[in-house]
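Structure record follows, encoded as structure tokens.
Owing to the predicted nature of the structure, the values given are computational and were not obtained by experimental measurement. Below, read A as the first sequence line, B as the second, and so on, with proteins coming before strands; counting in each chain starts at 1.
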2 protein chains.
Amino acid sequence: MPRQRDDTVYEETQATIKAIARQQMAEDGTAAISLRGIGRSMDMTAPALYRYYPTRDDLITALIVDGFNGLADALEAADAALDTQPLPERLFGVLVAYRQWAIVHRVDFQLIYGNPIPGFAAPREVTVPAVIRTFVPVVRLMEMALQSGALVPKPPYDAIPAAIEQHEQALIAEGGYPISALAYHLTMIGWTQVHGIIVLEMYEHLGPNVGDVDQFYEAAIRALLTSMGTRW
Amino acid sequence: MPRQRDDTVYEETQATIKAIARQQMAEDGTAAISLRGIGRSMDMTAPALYRYYPTRDDLITALIVDGFNGLADALEAADAALDTQPLPERLFGVLVAYRQWAIVHRVDFQLIYGNPIPGFAAPREVTVPAVIRTFVPVVRLMEMALQSGALVPKPPYDAIPAAIEQHEQALIAEGGYPISALAYHLTMIGWTQVHGIIVLEMYEHLGPNVGDVDQFYEAAIRALLTSMGTRW
DNA sequence: ATTGTAAAGTAAACAGTGATTACTCTTTGA
DNA sequence: TCAAAGAGTAATCACTGTTTACTTTACAAT
């Protein structure tokens, strides 16, 4: 609607709105995003915000996209920071960074991977590519480990059910990634394991059962990578 | 407050309220529980519901407790139904039942393991024991498998980090369960894996990536059990 | 310098929400 | 028979997202 003389102040206002929304979430949970509350915090009335986001769901969608990108950035940064390490440790380190980001950015993680709002669900055409970006660093390291012999797939992790391999292969071809189906598949398994621990931890279900979640996480991930055939 | 002459009609009304709340959730998601809406559906005004649940959060807590018990019941039923099967298949079958319940009772699962409402979190003193009940069947089968030799723990799944073993051992002693720390620990790992797949599937993140989630789940669980040392 | 136009913001209102209070029936046990 | 307690209601408070109609502000071109 706007976009004429001063684009930057418009975008700055959008950024301010998102920042305050994030702050509200951090204080009172993902569902606490309130347009009227945001308005109050920046000396504006609620309807004025509609000049910047046509609806509350659009604001939330914007926050979700930011969240995915933040996670992807963190993983890429961890990957880059560990580039002198041997491949298995690098892969492990990126997975540790994954959980680290989730814990530090608690509500963002809940927002992007949880059940943020009433009937609201972010449009898949925006989330699916965003999700893919978050495990590109992982799947790439996995592929490198496979090719370099740092990971020699060991039964039962040396095979993929036919129907799934076909689907994964199609996705890889579609995206044009230089990746084997096995690297992709092992990443999916690792991803689900990582995610399960983080989610249970986040909602206070895991801590009471294992005590030190840090140690549990690292042990579980190392065990999984080992059982896949990682040579440390 | 009540509890005098006619307890049963009081409890029936409570049950009706919960049933309608569940129906509302099923239609419009976990956050769609509205006291006024429930009232409308049963020809009552909203304030009248406060005779049965002092606050909306108490109603939700009751629904959560029901949810945990429903899941636990389903697992116990699956366990019982499979009692002629060999132990590994029985364990596998119970884990399949876990996901089955989650998919059939979508919103109940989201309610008990997710982030149901604004700042709301069910009191831990009620959820923790309920959670424990849900994995009693699993941990028992795990112990039986270990003792019978159907599961011979294989590295790296034959050891537990010291601090965690200590915590788990204390929990076991506290509850007085006839269970080894290893059985408990392997259950925790399996639980987190199961949970990760279900949660990602539930919010439409996994399906697009692997296609047939049924197959992915069964393959992943079989692979995990195998790598732990299961003899099928 | 003035004017016209579009962007930015506001006030008021609508239809909801959970929760509380004060009140009225209705049933029942002594 | 009648007081007491249970069950329910109407009215109200303080919120929410959203829409509409209106006003202010600021800039660009005449």
Side-chain angles (χ1 to χ4, degrees), chain A residues 1-18 20-21 23-25 27-64 111 115-122, chain B residues 1-18 20-21 23-25 27-64 111 115-122:
Chain A
M1 278 130 176
R3 190 169 43 123
Q4 195 143 351
R5 46 180 183 275
D6 212 349
D7 263 15
T8 78
V9 13
Y10 183 82
E11 277 158 20
E12 268 170 23
T13 306
Q14 280 193 317
T16 304
I17 292 171
K18 286 195 289 187
I20 294 177
Q23 193 179 317
Q24 280 193 349
M25 285 200 303
E27 281 165 15
D28 298 316
T30 55
I33 302 177
S34 143
L35 292 186
R36 293 176 119 103
I38 294 171
R40 269 191 300 272
S41 288
M42 55 193 289
D43 286 318
M44 239 192 211
T45 59
L49 301 175
Y50 282 77
R51 304 255 169 213
Y52 301 92
Y53 293 99
T55 178
R56 178 160 163 271
D57 286 4
D58 291 280
L59 168 58
I60 293 171
T61 301
L63 290 170
I64 289 176
L111 189 67
N115 186 21
I117 254 72
F120 172 82
Chain B
M1 283 129 173
R3 189 168 45 120
Q4 193 141 352
R5 45 179 184 276
D6 212 350
D7 265 15
T8 77
V9 14
Y10 183 82
E11 278 158 19
E12 270 169 21
T13 307
Q14 279 193 319
T16 304
I17 292 171
K18 285 193 291 187
I20 295 178
Q23 194 179 315
Q24 279 193 352
M25 283 199 305
E27 283 165 13
D28 298 316
T30 55
I33 302 176
S34 141
L35 293 186
R36 297 175 117 100
I38 294 171
R40 268 192 300 271
S41 289
M42 55 192 290
D43 286 319
M44 239 191 209
T45 58
L49 300 175
Y50 283 80
R51 304 254 169 215
Y52 299 93
Y53 294 99
T55 177
R56 179 159 162 273
D57 285 4
D58 291 280
L59 168 57
I60 293 171
T61 301
L63 290 171
I64 288 175
L111 190 65
N115 186 22
I117 254 72
F120 172 82

From [options], nucleotide with atom closest to [X] side chain:
{"X": "A:Thr45", "options": "D:dT16, C:dA19, C:dA11", "value": "C:dA11"}
{"X": "B:Ala48", "options": "D:dT18, C:dT10, D:dG8", "value": "D:dG8"}
{"X": "B:Ser34", "options": "C:dT17, D:dA11, D:dT18", "value": "C:dT17"}
{"X": "B:Pro47", "options": "D:dA11, C:dA11, C:dT17", "value": "D:dA11"}

Rounding to an integer number of Å, can you tell me how far [X] [atom1] sits from [N] [atom2]?
{"X": "B:Gln14", "N": "D:dG6", "atom1": "CD", "atom2": "C1'", "value": "14 Å"}
{"X": "A:Leu59", "N": "D:dG17", "atom1": "CG", "atom2": "P", "value": "10 Å"}
{"X": "A:Tyr53", "N": "D:dG17", "atom1": "OH", "atom2": "C1'", "value": "17 Å"}
{"X": "A:Tyr50", "N": "C:dA13", "atom1": "OH", "atom2": "C1'", "value": "14 Å"}
{"X": "B:Asp57", "N": "C:dT17", "atom1": "CG", "atom2": "P", "value": "17 Å"}
{"X": "B:Ile17", "N": "D:dG8", "atom1": "CD1", "atom2": "C1'", "value": "12 Å"}
{"X": "A:Met44", "N": "D:dT24", "atom1": "CE", "atom2": "P", "value": "18 Å"}
{"X": "A:Arg51", "N": "C:dA8", "atom1": "CZ", "atom2": "C1'", "value": "6 Å"}

(request) First locate atom CG of A:Leu111, then atom OG1 of A:Thr61, and finally report the distance between them rounded to the nearest 0.5 Å. (result) 9.0 Å
(message) Distance check, rounded to the nearest 0.5 Å: A:Tyr52 atom OH versus A:Lys18 atom NZ?
(response) 14.0 Å
(request) Heavy atoms only: give me the nearest A:Gln24-A:Ile33 pair and the separation to one decimal. (result) OE1-CA, 3.4 Å
(request) Would you indicate, yes or no, if D:dG8 has its OP1 or OP2 atom less than 4.0 angstrom from a side-chain nitrogen or oxygen of B:Tyr52? (result) yes
(request) Kindly say if A:Thr55 contacts the phosphate of D:dT18, meaning a side-chain N or O under 4.0 Å from OP1 or OP2. (result) yes
(request) Would you kindly check whether a donor in the side chain of B:Arg36 faces an acceptor in the base of C:dG16, or vice versa, at under 3.5 angstrom? (result) no
(request) Could you tell me whether the side chain of A:Met44 reaches within less than 4.5 Å of the side chain of A:Thr13, counting heavy atoms only? (result) yes
(message) Let's go through B:Leu35 and B:Tyr50 carefully: what are the C-alpha distance in whole Å and the side-chain angles of both, what is the deciding distance for side chain to side chain contact (heavy atoms under 4.5 Å, CB included) to 0.1 Å, and is it a yes or a no?
(response) CA-CA 9 Å; B:Leu35 293 186; B:Tyr50 283 80; 3.1 Å; yes
